[in-house]
Structure formats: structure tokens, C-alpha cells
Amino acid sequence: MTVPMTADAPVRLRLRRRLAARSAAGAARLLILLPPARLARVLRLARRGARPATREAALAARQAVVSVSVRCAGQGCLQRSVAAALLCRAGGGWPDWCTGFRTQPFRAHAWIEAGGAAVGEFEDMTRYHTVLAVRHESGRPA
């Protein structure tokens with residue numbers, strides 16, 4: 001799943017945050033090898049007991065994984081979204097993790113949302129149809 005885009009600019013991170021972001025990116029690299037249904041199952045387990053992630057926390061997590069991983073900074077949207085969700089979870093929160101597509105022109109993409117809006121995306125995400133999502137357990141549809 002890729003969306004043509006420019007790479008996000010890296011941010012400076014403290015050592016502890018950099019290590020956490022690298023761990024999340026590494027774990028995500030392995031998790032994205034799973035079939036989609038199994039990946040969603042693993043992410044549902046990871047979100048258990050988490051509070052909803054704030055937009056600021058979700059954006060900070062996304063920026064952190066982009067800063068430590070070239071693949072996450074480029075067109076590795078699936079790895080980036082999973083890593084950002086895992087990093088948020090390490091901080092106690094859970095963003096909504098989503099995958100979907102648009103048709104004109106066709107593109108598939110993966111992203112995170114907080115407060116009902118996509119976080120850190122450069123494109124109008126309302127044009128995407130969500131196919132698979134692992135949302136916070138606050139009662140919204142999964």
C-alpha cells in the first residue's frame with residue numbers, strides 16, 4: 001500500500017524515545033508480514049486496556065517512527081501506521097489504525113486516526129474507503 005508523497009521531515013528525539021520508536025518500527029516490520037486478518041487480530045490484542053490516543057500523541061508517535069526509519073519516512077505506509085500505533089500503545093494510548101483505498105485514481109493506503117481525523121497525512125483522507133480498522137474500544141465500529 002503506497003501513496004505518492006514527500007518524505008516526512010525527521011525530528012530530534014531523546015535516546016529513550018528513539019529506542020522506543022526503533023523497537024516499534026522493528027516490530028511493525030515483522031507484523032506487516034502477517035495476513036491482514038491476523039495482523040488486525042494482533043493489533044486488537046495490543047489495544048486492550050488502552051485509553052484513546054490524543055491527536056498530539058498520535059502525531060508525535062508518527063513523527064518519531066518517521067525519524068528513525070527510512071521505510072516509515074517514505075512509502076512504507078503500512079509499516080509506518082502499525083509502528084505509530086504500537087508506539088502510542090507503549091505510551092498507554094491507542095489511535096484508530098485504518099487501511100483502505102480510493103478509486104480515482106486507485107490507491108491503497110494505511111494510516112492512523114485520532115479524534116476521528118487522520119493524523120499527519122498530506123492527502124484528503126475522506127476520499128478513502130476504510131476496509132480494515134482497529135479502532136479504540138470506545139464503542140465505535142471496528
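What you see is a predicted model; the values in this text were computed from it and never measured.
- Note on Leu59 and Leu87: separate hydrophobic clusters, where clusters join Ile, Leu, Val, Met, Phe, Trp and Tyr whose side-chain heavy atoms are under 4.5 Å apart, directly or indirectly.
- Between Glu121 and Arg62, at least one side-chain N (NZ, or NE/NH1/NH2) sits under 4.0 Å from a carboxylate O, which counts as a salt bridge.
- Applying the side chain to side chain donor-acceptor pair (under 3.5 Å) rule to Thr126 yields the partners Asp124; only residues at least two apart in sequence or on another chain are considered.
- Here the closest heavy-atom approach between residue Arg80 and residue Val65 is recorded as O-CG2, 4.0 Å.
- With sequence neighbours excluded, no residue satisfies side chain to side chain donor-acceptor pair (under 3.5 Å) with Arg17.
- A donor-acceptor pair under 3.5 Å links the side-chain atoms of Gln79 to the main chain of Ala25, judged by distance alone.
- Shown here are the side chain to side chain donor-acceptor pair (under 3.5 Å) partners of Trp94, two or more places apart in sequence or in another chain: there are none.
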- Task: Take Glu123 and Arg107, measure what salt bridge (charged side-chain N to carboxylate O under 4.0 Å, His left out) needs, and give me the verdict at the end.
- Result: CA-CA 12 Å; Glu123 189 172 358; Arg107 289 186 185 146; 3.0 Å; yes
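- Remark: Trp111 pairs with His109, Tyr128 by the ring-ring contact (aromatic ring centres under 6.0 Å, His included) rule, at least two apart or across chains.
- Listed by chain and residue number, nothing satisfies the salt bridge (Lys or Arg N to Asp or Glu O under 4.0 Å) test with Arg89 (two or more places apart in sequence, or in another chain).
- Between Leu132 and Pro36, the closest heavy-atom pair is CD2-O, 3.7 Å.
- In terms of modelled atom types and a separation under 3.5 Å, the side chain of Arg102 and the main chain of Gln104 share a donor-acceptor contact.
- Clustering of Ile, Leu, Val, Met, Phe, Trp and Tyr by side-chain heavy atoms under 4.5 Å joins Leu15 with Leu19.
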